[in-house]
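Read through the structure below, which is laid out as structure tokens, and then see the notes.
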Amino acid sequence: MSLQIYNTLSKKKEVFTPLEEGKVGMYCCGITAYDECHIGHARSAIVFDVIYRYLRYRGFNVTYVKNFTDVDDKIIAKANAEGKDIAEIAERYIKEHNEDMDALGLIRPTVTPRATENIKGMIRMIARLIEAGLAYCVNGDVFYSVDKFNGYGKLSGRTLNDMMAGARIEVDEKKKNPFDFVLWKASKKGEPWWDSPWGRGRPGWHIECSVMSQRYLGETFDIHGGGEDLIFPHHENEIAQAEGATDKPFARYWIHNGFIKISSEKMSKSLGNFYTVKDVLKKYHPEVVRLFILQSHYRSVIDFSDEALRFARGGMERFYSTLKNIEEMKSRNGSFDGLSEKNLSGINEKYLKRIDFLPERFVKAMDDDFNTARAIGYIFDTIRLVNAYISDKEFIPDAESMFVLDSAKRYIREVGKVLGLFLDDPVSYFEQDRRREAGKRDLDRDTIEGLIHARNVARQEKQWEKADSIREELRKKGVVLRDSSQGTIWSVE
RNA sequence: GGCGGCAUAGCCAAGUGGCCAAGGCAGCGGUCUGCAAAACCGUUAUUCCCCGGUUCGAAUCCGGGUGCCGCCUCCA
């Protein structure tokens, strides 16, 4: 079995072979720190977090680099508007970003370099590009000469001629070709600047990623990723810069995640239809967001809505209630020390044999271009199997069956960890869920629990009508009850 | 105008040449339950946007059409 990755560069799935055995270098374009993270950033971050986790699960030693763009037009604009320094603005949004990503349960990348810490490296690369005849300086601005680099367009699958045909880019008199892009910008009044051989200025956007990725991962490295919108021009330009400067291949596998749409429309600031990570996390558990995202393939476009998240929440409930059930049965039914798969009998053996397939099937799905949707389908299969086992007439809660349930739990947790799912304690999961949902509907916990108590008193006295009317009253508020031998549990629909 | 993607049940969504087209949600019938809920069992696409073609065989490959979307400007 081998991992296959869809490579944007070849437009095909390819067997993944790292440059150096057992090691992977991966770079992802991070954020420009000028505003809060939205759900689109979350998708990209979660997708690459899962890729990172999976590569590690498969035994690779991964160096994961994700940058912060901390000098840019939008940051400057915001800094000027607020009368603050760009560093202060960048710092604020980097902090916000880290809070959001931590809340979403992302593993921090190995290195998170910032553009302003790498100005020297950028100047060196630009100088090399000028030497190589691939860039030119006009009045303090330096441009990359796209028609001097003959692989230009190879990532996005277009040629300069194609692009000329419908070009609707503004013509800059200083550029030799309208697609030439800026490597170094002469700074205007009120803008931050650094000294360079071409005068005071600041870097263009694309150069930082070529420089920082190579700094930490080498001139040629394994994986480069980002949102699909970055394919052109950003990643195309990164290739032109890096390969132009070193004459060596740049990233070997290019991975791009699909976009999030809102009601079938592109999510964008200008349409005003975006959701911030913070807003979404107020309403849903972070793993619900993850499940929603990972239930579709990472390259497909997904439609974000409250309804979609509610469906994901329903799925999450199924996972956690089975996990909770397992924990409860185990705590009531003692230990299973000394047991192994070999000394099981009857249905215990039969079910465990089928539950055993999970890790293997999981790897098979994930090896196929990180097919998290299929992998999650397999976890659902396992959940159903566990529930069927517990409901089986022959099921006896003894040491053998506890061993089976514990194995099931371990498998689910093992593969869940790779997806960043099921990491919470089930009791805590439901507690948080109740709190969030009750908050949304403005329900008071004490009132609910008081009514549940009154109903249980009525039930003990077999006053079924009274008990049912209380339940109906709660139901109207969206509260659903579940009676069991352990007591009554409530949740919000 | 150029380049690219997608179209699978009521909804979401896997599947890229061959067992009954995964899985989730919703629905229906049943088991369980005082009644429910949850869970379990059964059931829900003779068919994968349309029309041709290749093949013993296609949702899957090829050609044409229709519809939706993205990129070509900052964008995850």
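Please read all numbers here as calculations on a predicted model, not as lab measurements. Letters A, B, ... are given to chains in the order of the sequence lines, protein chains preceding strands, and every chain is numbered from 1. Hydrogens, waters and symmetry mates are skipped; everything else that's a heavy atom, side chains included, is used.
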request  = Classify the nucleic acid contact of G314(A) as base, sugar-phosphate or nothing, counting any heavy atom under 4.0 Å across all strands shown.
outcome  = nothing

ask   = Between F304(A) and F292(A), is the gap from one ring center to the other below 6.0 Å?
value = yes

key: Complementary nucleotide of C48(B), counting Watson-Crick and G-U pairs under 3.5 Å   = none

ask   = What's the closest nucleotide to the H38(A) side chain, out of C40(B), A76(B), A13(B)?
value = A76(B)

Verify stack between F259(A) ring and G70(B) base, 5.5 Å, 30 degrees = no

key: Any strand: nucleotide that pairs with A38(B) via Watson-Crick or wobble, under 3.5 Å   = none

message = Please tell me if R455(A) has a side-chain N or O lying less than 4.0 Å from either OP1 or OP2 of A36(B).
response = no

note = Taking a pair to mean Watson-Crick or G-U wobble geometry with both distances below 3.5 Å, G70(B) pairs with C3(B)

key: Proximity to RNA chain B (any heavy atom under 4.0 Å), residues of residues 481-492 of chain A only   = L481(A), R482(A), D483(A)

Under 3.5 Å on both distances, the Watson-Crick or G-U partner of U60(B) = none

message = Tell me if the side-chain of R459(A) makes a donor-acceptor pair with the base of G34(B), cut-off 3.5 Å, by modelled atom types.
response = yes

remark   = Mate of C20(B) across any strand shown (Watson-Crick or G-U wobble, both atom pairs under 3.5 Å) is none

query = If the C1' atom of G17(B) is compared with that of C48(B), how far apart are they to the nearest Å?
reply = 15 Å

inquiry  = So that I know where these two stand, are Y93(A) and Y34(A) an aromatic pair - ring centroids less than 6.0 Å apart?
reply    = no

key: Partner nucleotide, any strand, of U43(B) [Watson-Crick/G-U, under 3.5 Å]   = G27(B)

inquiry  = Tell me the interatomic distance from D392(A), atom CG, to C41(B), atom P, rounded to whole angstroms.
reply    = 10 Å

task = Answer with base, sugar-phosphate or nothing: what part of the nucleic acid does S296(A) contact at a heavy-atom distance below 4.0 Å?
result = sugar-phosphate

Check: H256(A) ring centroid to H235(A) ring centroid under 6.0 Å = yes

task = Determine, using ring centers only, whether H206(A) and Y144(A) are less than 6.0 Å apart.
result = no

message = So R299(A), base contact, sugar-phosphate only, or nothing? Heavy-atom distance under 4.0 Å.
response = nothing

query = Ignoring hydrogens and angles, does a donor from either the side chain of R384(A) or the base of C40(B) sit under 3.5 Å from an acceptor on the other?
reply = no

message = Can you confirm whether F370(A) sits close enough to V50(A) that some side-chain heavy atom of one is under 4.5 Å from a side-chain heavy atom of the other?
response = no

P gap between A45(B) and G24(B), integer Å = 16 Å

request  = Could you tell me whether the side chain of D70(A) and the main chain of T116(A) form a donor-acceptor pair under 3.5 Å?
outcome  = yes

message = Say we look at G23(B) and U8(B): how far apart would their C1' atoms be, to the nearest angstrom?
response = 14 Å

inquiry  = Taking A59(B) as the reference, what is the distance to A21(B) when you measure between their C1' atoms (whole Å, please)?
reply    = 8 Å

query = Between the base of G2(B) and the side chain of N161(A), is there any donor-acceptor pair under 3.5 Å?
reply = no

ask   = Reckon A388(A) touches a base, only the sugar-phosphate, or nothing at all at heavy-atom distances under 4.0 Å?
value = sugar-phosphate

message = Between C51(B) and U60(B), how many Å separate the two P atoms, rounded to a whole number?
response = 12 Å

